[in-house]
**Q** 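Questions regarding the structure given below will be posed in turn.
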Amino acid sequence: MEIRVRYAPSPTGLQHIGGVRTALFNYLFARSLGGKMILRLEDTDRTRYDERFVENFYDTFSWLGIHWDEGPDAGGEAGPYVQSERFELYRKYALRLVDQNRAYYCFCPQERLERLRAERAASRSAETGYDRRCRDIGTREAWDRAAGGEAHTIRLKIPLGESTRFHDSLLGDIEWKNDDVNPDPVLLKSDGFPTYHLANVVDDHLMRISHVMRAQEWLSSTPLHVIMYAAFGWEAPLFCHLPMVMGNDGKKLSKRHGAAGIDEFRREGYLPEALINYIALLGASYVEGKDLYTLEELAANFSLEKLNKAPAVFDYKKLQWYNEQYIRMKSGGELASLCLPGAVEAGLFGEAGKAPSKAEEAAFTAAMPLVRERISFPAQAAEKLRYLFAEPQAPLAAEYIPKKSDLKTALELLGMARELVPALAAFGTDGEAETFIREEAARRGVKPGDLMTPLRAAVTGSRVSPPLAGSIRILGAEKTLERIDRALSFLSPGADSGKAD
Ligand code: GLU
């Protein structure tokens with residue numbers, strides 16, 4: 001069987017986690033079996049349509065790096081892939097069902113349907129949907145009225161008293177009584193526009209879709225679709241309804257749980273690799289004990305058998321963990337390009353918005369190894385590295401003093417550390433610098449940690465900072481010595497040492 005799957009978004013909202021998960025699973029499924037992934041824009045709902053959502057769609061997926069084989073932008077022989085460009089086709093197929101007595105013209109005006117709804121609500125009737133009033137109008141009369149220009153819709157004639165069965169790859173065999181299916185739903189509206197059901201089924205057939213993998217919220221539409229396939233005399237595709245994605249309160253994932261739109265995650269600094277990796281795990285498992293996957297590895301290991309029936313719970317902490325992992329995998333240059341916009345915005349190189357000079361940019365790139373293990377989001381790099389680009393405020397004297405020590409000793413230690421600076425600034429790696437510090441500390445009979453404490457406070461303005469040797473290397477001996485000298489004079493007896501004592 002030729003494997004052809006599709007992602008069929010409606011441009012009526014921004015792309016969110018659930019949609020991307022559906023797209024991703026279809027993509028992985030197609031890749032895992034050498035099949036084709038098709039993109040189809042289901043833009044039949046013109047009232048909720050917005051061009052912005054189409055743009056958001058393309059933008060999101062190109063950022064995520066998910067591509068399709070056929071689609072509005074990729075072309076293909078089953079196009080056009082935008083439903084609004086296929087309206088004639090839907091009309092033709094709706095009329096075919098009328099011809100075959102599997103669908104009928106309905107002349108009920110909107111007001112009647114609204115009245116029906118209101119009456120049922122008032123009498124608390126359990127009945128919903130259309131009351132099939134036009135179902136039994138004779139063919140002749142119906143043709144005449146339609147030909148005479150009377151407004152009408154086309155409704156599917158659901159066979160009553162029967163059941164509809166289909167197999168879902170995840171949920172198993174499913175059987176619905178036809179009487180429980182939405183009674184005779186509209187296929188073609190009075191303005192000639194198709195409904196989702198008609199366009200979706202016609203297109204899945206014409207585009208030769210082999211597997212329909214979609215969110216579980218569409219499960220209740222599937223019996224109807226299966227009835228339509230039978231009415232047309234077409235073979236239905238195989239169905240797989242994906243498990244729901246919930247927030248940690250057990251409710252369907254939405255805004256109230258935090259970000260749900262991909263745009264928001266992107267703005268917050270999540271990397272596409274982290275999102276893909278995490279979303280791919282929402283309802284599926286791959287290799288036991290392995291957490292990190294490239295898109296290729298996911299595709300190589302994806303299979304319908306490894307989908308979970310239970311709803312997936314979206315865990316923001318876990319996603320953040322993935323972000324941290326992917327940040328750690330970036331080279332200095334890659335990470336710098338990710339972190340630079342936030343640093344510029346945060347005014348790391350002067351006033352907010354000021355771009356770095358060549359030298360500053362080089363220093364920023366060189367500083368990436370200092371923060372790679374310490375940030376969850378690119379925007380956090382700027383604050384962590386501010387001391388490299390602007391003289392830090394001198395901390396309180398107490399900050400310079402190692403544990404169980406005093407100011408006098410701190411001053412001595414800083415004096416000792418000062419002597420090490422030219423060598424520290426010249427080392428190529430942290431490893432060499434650390435060995436050197438250890439040896440020098442031993443030679444002078446002090447603890448390496450004690451030697452570093454006042455030096456760190458003088459150079460970075462804090463007791464806690466990114467690696468000191470690396471910082472000194474980037475700052476250079478001259479600037480480092482200036483900072484030490486300033487600290488020495490600030491801390492020396494007689495100087496105004498703030499709240500030192
Ligand atoms: N256009 C529908 C949606 O927005 C597609 C549902 C389906 O995959 O059949 O999700």
Side-chain angles (χ1 to χ4, degrees), residues 3-30 35-50 52-54 56-58 60-61 66 68 70-72 78 80-87 90 156 166 168-171 174 181-182 185-187 189 193-229 232 234 236-245 252-254 260-262 279 282-283 304 307:
I3 304 289
R4 288 174 64 84
V5 293
R6 59 16 174 223
Y7 179 49
S10 298
T12 52
L14 298 172
Q15 289 298 306
H16 49 78
I17 293 290
V20 169
R21 204 266 311 252
T22 300
L24 183 58
F25 278 19
N26 276 287
Y27 174 90
L28 296 176
F29 181 65
K36 290 259 161 49
M37 159 88 168
I38 287 122
L39 167 69
R40 181 172 75 228
L41 287 185
E42 299 208 327
D43 59 346
T44 53
D45 183 350
R46 303 310 286 183
T47 49
R48 288 164 62 218
Y49 173 88
D50 193 323
R52 267 183 326 125
F53 298 139
V54 179
N56 169 263
F57 169 81
Y58 284 115
T60 302
F61 280 86
I66 299 179
W68 32 88
E70 295 173 28
Y81 295 91
V82 180
Q83 289 191 327
S84 57
E85 294 169 23
R86 301 168 65 83
F87 278 178
Y90 306 131
L156 182 68
F166 61 94
D168 183 284
S169 310
L170 183 63
L171 306 171
I174 295 186
V181 174
N182 178 5
V186 172
L187 298 180
K189 299 187 226 172
F193 280 35
T195 56
Y196 154 73
H197 302 298
L198 176 65
N200 189 269
V201 165
V202 166
D203 284 351
D204 279 345
H205 173 72
L206 295 180
M207 294 179 183
R208 306 194 316 283
I209 299 303
S210 60
H211 293 71
V212 166
M213 209 183 297
R214 61 184 168 198
Q216 220 158 87
E217 66 201 69
W218 297 101
L219 182 63
S220 61
S221 296
T222 305
L224 179 59
H225 294 182
V226 172
I227 292 171
M228 289 170 70
Y229 282 104
F232 278 119
W234 297 336
L238 297 168
F239 291 99
C240 178
H241 291 89
L242 301 171
M244 305 276 272
V245 184
K252 194 172 171 234
L253 189 69
S254 72
I262 300 299
I279 292 175
L282 292 172
L304 293 182
L307 294 182

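Numbering of ligands and ligand atoms starts at 1, following listing order. Because only heavy atoms are used, hydrogens play no part in the values below, and waters and symmetry mates are left out as well, while side chains stay in. All figures in this text were calculated on a predicted structure; none of them were measured in a lab.
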**Q** As an exercise, identify every atom of ligand 1 less than 4.0 angstrom from a heavy atom of Asn200.
**A** 7 (C), 9 (O)
**Q** For the ring pair Tyr90 and His197, is the centre-to-centre distance below 6.0 Å?
**A** no
**Q** Measure the spacing between CZ of Arg40 and CG of Leu206 and express it to the nearest 0.5 Å.
**A** 9.5 Å
**Q** Purely on distance, is any nitrogen or oxygen of Pro9 under 3.5 Å from one on ligand 1?
**A** no
**Q** Nearest to atom 5 (C) of ligand 1, what protein heavy atom do you find, and at what distance?
**A** Ala8 O, 3.2 Å
**Q** Run the numbers for me: atoms of ligand 1, each under 4.0 Å from some heavy atom of Glu42, listed by number.
**A** 1 (N), 2 (C), 5 (C)
**Q** Report yes if the side chains of Glu70 and Met207 come closer than 4.5 Å at any heavy-atom pair, otherwise no.
**A** no
**Q** Which protein heavy atom lies closest to atom 4 (O) of ligand 1, and at what distance to 0.1 Å?
**A** Ser10 OG, 3.1 Å
**Q** Run down the list His197, Arg214, His241, Glu217 and name the one with the heavy atom closest to atom 9 (O) of ligand 1.
**A** Arg214
**Q** Pick from Phe29, Tyr81, Phe25, Phe61: which one makes a ring pair (Phe, Tyr, Trp, His ring centres under 6.0 Å) with Tyr7?
**A** Phe61
**Q** Check if Tyr7 has a non-hydrogen atom at a distance under 4.0 Å from any atom of ligand 1.
**A** no
**Q** With a 4.5 Å cut-off on side-chain heavy atoms, are Phe232 and His205 touching?
**A** no
**Q** Classify the contact between Val212 and ligand 1 as side chain, backbone, both or neither, using a heavy-atom distance cut-off of under 4.0 Å.
**A** neither
**Q** So, do Thr195 and Pro185 sit near enough that their side-chain heavy atoms are less than 4.5 Å apart?
**A** no
